[in-house]
Amino acid sequence: MEVSSATIFCLLLLFCLGCRCLASELVTSQAATLNVDASPQSARKIPETLFGIFFEEINHAGAGGIWAELVSNRGFEAGGPHTPSNIDPWSIIGDDSSVFVATDRTSCFSRNIVALRMEVLCDDCPTGGVGIYNPGFWGMNIEDGKAYNLVMYVKSPETTDLTVSLTSSDGLQNLASTTITVSGTSNWTKVEQKLVANGTNRTSRLQITTNKKGVVWFDQVSLMPEDTYKGHGFRTELISMLLDLKPRFLRFPGGCFVEGDWLRNAFRWRESIGPWEERPGHFGDVWHYWTDDGLGYYEFLQLAEDLGAAPIWVFNNGVSHNDEVDTAAIAPFVKDVLDSLEFARGSADSTWGSVRAAMGHPEPFPVKYVAIGNEDCGKKIYRGNYLKFYNAIRQAYPDIQMISNCDGSSRPLDHPADLYDFHVYTDSKTLFNMRSTFDSTSRSGPKAFVSEYAVWRSDAGRGSLLASLAEAAFLTGLEKNSDIVQMASYAPLFVNDNDRTLVFMG
């Protein structure tokens with residue numbers, strides 16, 4: 001392509017003119033005046049409850065996260081109640097000619113009946129024996145000099161010696177080891193043993209081996225660090241980060257985790273209390289992984305107390321992503337929630353308060369906020385179900401503040417509520433521009449609870465300055481309108497780097 005000399009001259013002229021204009025702008029000083037009105041009459045007191053945290057069992061934030069249990073699928077229940085089933089991530093040490101493992105329904109626990117049967121086939125087993133191992137959640141972080149408490153249930157018809165070890169992922173580095181003798185009996189035996197590490201390996205595994213031919217059954221194999229926060233089962237270093245945030249409330253346990261894709265997989269508080277060995281666990285079908293529910297309703301209440309934060313209990317209102325309970329049949333769900341509140345707030349001699357007391361907390365937990373469902377406002381039966389819960393809770397606990405899933409920021413709610421939930425996941429530009437969202441919200445209605453907000457997708461990545469600035473700008477709008485915005489929390493709180501499947505939704 002040929003370019004005429006006239007065209008070249010015009011381009012050069014425009015370039016020079018542009019440079020002169022730019023230089024002129026750079027050297028010209030410009031004055032700006034910023035007026036700040038700090039008069040008392042224009043001030044809005046920021047409520048003490050404004051900033052808190054929202055925890056959801058998502059992206060292994062709990063199992064493999066703040067909950068210190070190192071064994072994944074400790075009760076062999078993750079494959080389901082039908083046997084034989086998948087025992088992932090457990091694997092065998094040896095081969096199918098030397099050891100055979102399968103699940104069966106011989107557990108001593110009625111609520112989680114699956115156990116693991118291991119048959120040693122070799123008369124002259126390899127050096128080191130054969131058996132099973134568990135890599136935990138992408139490897140166990142074992143640290144030199146630290147103690148780890150092993151609990152497991154075993155039985156064997158003949159007396160057998162088991163070697164329990166903490167090793168590197170390939171089994172070559174031995175970090176701790178002990179021998180346990182299982183007496184020949186038809187009854188299950190609880191074994192408790194402390195293992196002290198003599199080395200550090202961040203991708204370790206727990207292995208159980210033997211050299212003796214025969215059959216051994218295992219169930220509820222747990223390994224916990226001896227040092228957890230206040231002895232309550234939480235990882236100390238992660239809880240210290242939460243303490244630094246000084247949260248005024250803790251919203252739990254979700255999120256979509258509360259709803260489930262189907263109601264059969266929704267979080268059930270009753271199944272998550274009592275002795276950990278007897279909790280059945282469940283498959284969180286929204287975020288697609290199994291949790292043994294060692295981190296349950298009681299532990300969430302305990303965590304809120306440890307953080308000095310007000311607990312906000314988000315419960316299922318008979319709605320999942322794909323099925324729902326009609327308002328005419330919702331009464332059992334309402335009673336279930338009233339029982340959950342008695343567990344938290346009831347006296348130590350009440351039906352459910354006595355269960356809490358037996359778990360080690362005779363004093364009630366101060367639950368004063370509940371959210372009736374999560375992101376369910378668009379469901380056709382939500383309002384009907386909501387009112388059933390609202391009226392029952394108001395009668396039984398007049399002081400409890402109830403949170404609706406329906407957004408009242410732009411129009412009044414058509415049902416009673418103390419607060420309403422506001423969720424937003426969007427790009428940086430949109431969230432930045434939403435800093436004025438509550439400027440024109442009615443001041444006479446219920447307060448706003450911005451319980452989930454974040455910049456997501458490509459703008460967020462693994463953390464970006466652009467996302468941070470947009471979120472900070474949005475927060476300035478919440479502070480400016482803190483007479484109507486009572487609470488706010490970011491989501492998600494924790495993400496295990498090995499499970500970043502969904503880091504932007506609740």
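- V191 has its side chain out of reach of V151: every pair of non-hydrogen atoms, C-beta onward, lies at least 4.5 Å apart.
- For CD of E237, the number of neighbouring non-hydrogen atoms (other residues, nucleotides, ligands) closer than 6.0 Å is greater than 12.
- Inter-residue side-chain proximity for F474 and V455 is flagged as unmet; no heavy-atom pair is nearer than 4.5 Å.
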Checklist entry - What's the verdict on ring-ring contact (aromatic ring centres under 6.0 Å, His included) for F422 and F438, showing C-alpha distance, side-chain angles and the deciding distance? => result CA-CA 11 Å; F422 184 94; F438 296 95; 5.2 Å; yes
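- Two residues are said to be in side-chain contact when any heavy atoms from C-beta on lie closer than 4.5 Å; P311 and L250 fail this criterion.
- Between the side chains of E452 and Y425, at least one donor N or O lies within less than 3.5 Å of an accepting N or O.
- The pair E342-R356 fails the salt-bridge criterion, with no side-chain N (NZ, NE, NH1 or NH2) lying under 4.0 Å from an Asp/Glu carboxylate O.
- In this structure the side chain of L50 reaches within 4.5 angstrom of the side chain of E479, judged on heavy atoms.
- At most 12 non-hydrogen atoms from other residues, nucleotides or ligands lie less than 6.0 angstrom from NZ of K388.
- Interatomic distance, E48 CD to R248 CZ, rounded to the nearest 0.5 Å: 5.0 Å.
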Next on the checklist: Using the rule given for ring-ring contact (aromatic ring centres under 6.0 Å, His included), can you reason through H415 versus Y390, listing the C-alpha separation, both sets of side-chain angles and the distance that settles it, and then say yes or no?
Outcome noted: CA-CA 10 Å; H415 54 276; Y390 180 92; 8.5 Å; no
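- Side-chain contact of N385 with T327: a donor-acceptor pair under 3.5 Å is present, judged by distance alone.
- Looking at S272, its side chain never comes within 3.5 Å of a backbone N or O of G296 through a donor-acceptor pair.
- The distance from atom CG of L387 to atom CZ of R383, rounded to the nearest 0.5 Å, is 9.5 Å.
- With no hydrogens or angles considered, a side-chain donor-acceptor pair links N481 and R443 at under 3.5 Å.
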Item to check | Verdict with supporting geometry, I273 and W352, side chain to side chain contact (heavy atoms under 4.5 Å, CB included) | outcome: CA-CA 11 Å; I273 62 170; W352 286 102; 3.9 Å; yes
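- Within the model, atoms CG of L242 and CG of L303 stand 7.0 Å from one another, a figure rounded to the nearest 0.5 Å.
- T49 places a side-chain N or O within 3.5 Å of a backbone atom of Q486 that can act as its donor or acceptor partner.
- Between the side chain of S489 and the main chain of G52, no donor-acceptor pair closer than 3.5 Å is present.
- Inspection of the E305 and H361 side chains reveals an N or O donor paired with an N or O acceptor under 3.5 Å.
- Under the ring-ring contact (aromatic ring centres under 6.0 Å, His included) rule, F389 has a single partner from Y382, F315, F333, W313, which is F315.
- Counting only distance, with no hydrogens or angles, the side chain of S107 and the backbone of F109 share a donor-acceptor pair below 3.5 Å.
- Residues V334 and N391 are not in side-chain contact: their nearest non-hydrogen atoms beyond the backbone lie 4.5 Å or more apart.
- A donor-acceptor contact shorter than 3.5 Å links the side chain of D376 to the backbone of N374.
- Side-chain contact of S442 with S444: a donor-acceptor pair under 3.5 Å is present, judged by distance alone.
- Side-chain contact between Y153 and W217: absent, with no pair of heavy atoms (C-beta onward) separated by less than 4.5 Å.
- When each of F234, F300, W67 is tested with F55 by the rule ring-ring contact (aromatic ring centres under 6.0 Å, His included), just one qualifies, namely F300.
- Centroid-to-centroid, the aromatic rings of F257 and F267 come within less than 6.0 Å.
- With respect to R279 and E299, a salt bridge is recorded, a charged nitrogen being found less than 4.0 Å from a carboxylate O.
- Among residues at least two apart or in separate chains, salt bridge (charged side-chain N to carboxylate O under 4.0 Å, His left out) pairs with a member in residues 417-438 are R251-D421, R394-D418.
- The backbone N or O of V258 sits less than 3.5 Å from a side-chain atom of N316, completing a donor-acceptor pair.
- Side-chain atoms of M402 and I372, non-hydrogen and from C-beta on, do get closer than 4.5 Å to each other.
- For the salt bridge (charged side-chain N to carboxylate O under 4.0 Å, His left out) test, residues two or more places apart in sequence or in another chain that qualify with R462 are D497.
- A salt bridge does not link D227 to K146: none of the charged nitrogens lies less than 4.0 Å from a carboxylate oxygen.
- No more than 12 heavy atoms of other residues, nucleotides or ligands shown are found within 6.0 angstrom of CD on E363.
- The local environment of NZ in K368 is sparse, with at most 12 non-hydrogen atoms from other residues, nucleotides or ligands closer than 6.0 Å.
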Checklist entry - What do the steps show when you test E271 against H282 for side chain to side chain donor-acceptor pair (under 3.5 Å), and what is the final call? => result CA-CA 9 Å; E271 306 298 307; H282 78 287; over 6 Å; no
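- Under 4.0 Å is where a charged nitrogen must lie from a carboxylate oxygen, and between D483 and K45 no such pair does.
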Next on the checklist: Apply ring-ring contact (aromatic ring centres under 6.0 Å, His included) to residues W90 and F76 and explain how you reach the verdict.
Outcome noted: CA-CA 9 Å; W90 292 90; F76 308 100; 4.9 Å; yes
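- The backbone N or O of F100 lies less than 3.5 Å from no partner atom in the side chain of D96, so there is not a single donor-acceptor pair.
- Rounding to the nearest 0.5 Å places CD1 of I484 at 12.0 Å from CG of L478.
- For F249 and F449, the distance between ring centers is under 6.0 angstrom.
- For the pair S464 (side chain) and D459 (backbone), a donor-acceptor distance under 3.5 Å is present.
- Between E69 and R74, at least one side-chain nitrogen of the basic residue sits less than 4.0 Å from a carboxylate oxygen of the acidic one, meeting the salt-bridge criterion.
- For S320 (side chain) and D323 (main-chain N/O), a donor-acceptor pair under 3.5 Å exists by modelled atom type.
- The aromatic ring centres of W269 and Y297 sit less than 6.0 Å apart.
- Of the listed residues (D499, N498, N496, T291), just one forms a side-chain hydrogen bond (donor to acceptor under 3.5 Å, both in side chains) with H60, and that residue is D499.
- In this model, no donor atom of one side chain and acceptor atom of the other lie less than 3.5 Å apart for D88 and N73.
- With hydrogens and angles ignored, the 3.5 Å screen pairs a side-chain donor or acceptor of Y148 with a backbone N or O of E143.
- Side-chain contact annotation: D439 with T441, donor-acceptor N/O pair under 3.5 Å absent.
- In this structure, the separation between CG on L469 and CG on L431 is 11.5 Å, given to the nearest 0.5 Å.
- Taking CG of N112 as the start and CG of D292 as the end, the distance is 9.5 Å to the nearest 0.5 Å.
- The six-membered or imidazole ring of Y490 lies near that of Y453, with a centre-to-centre distance under 6.0 Å.
- Classification of R268 and D293 as a salt-bridged pair fails, no side-chain N sitting under 4.0 Å from a carboxylate O.
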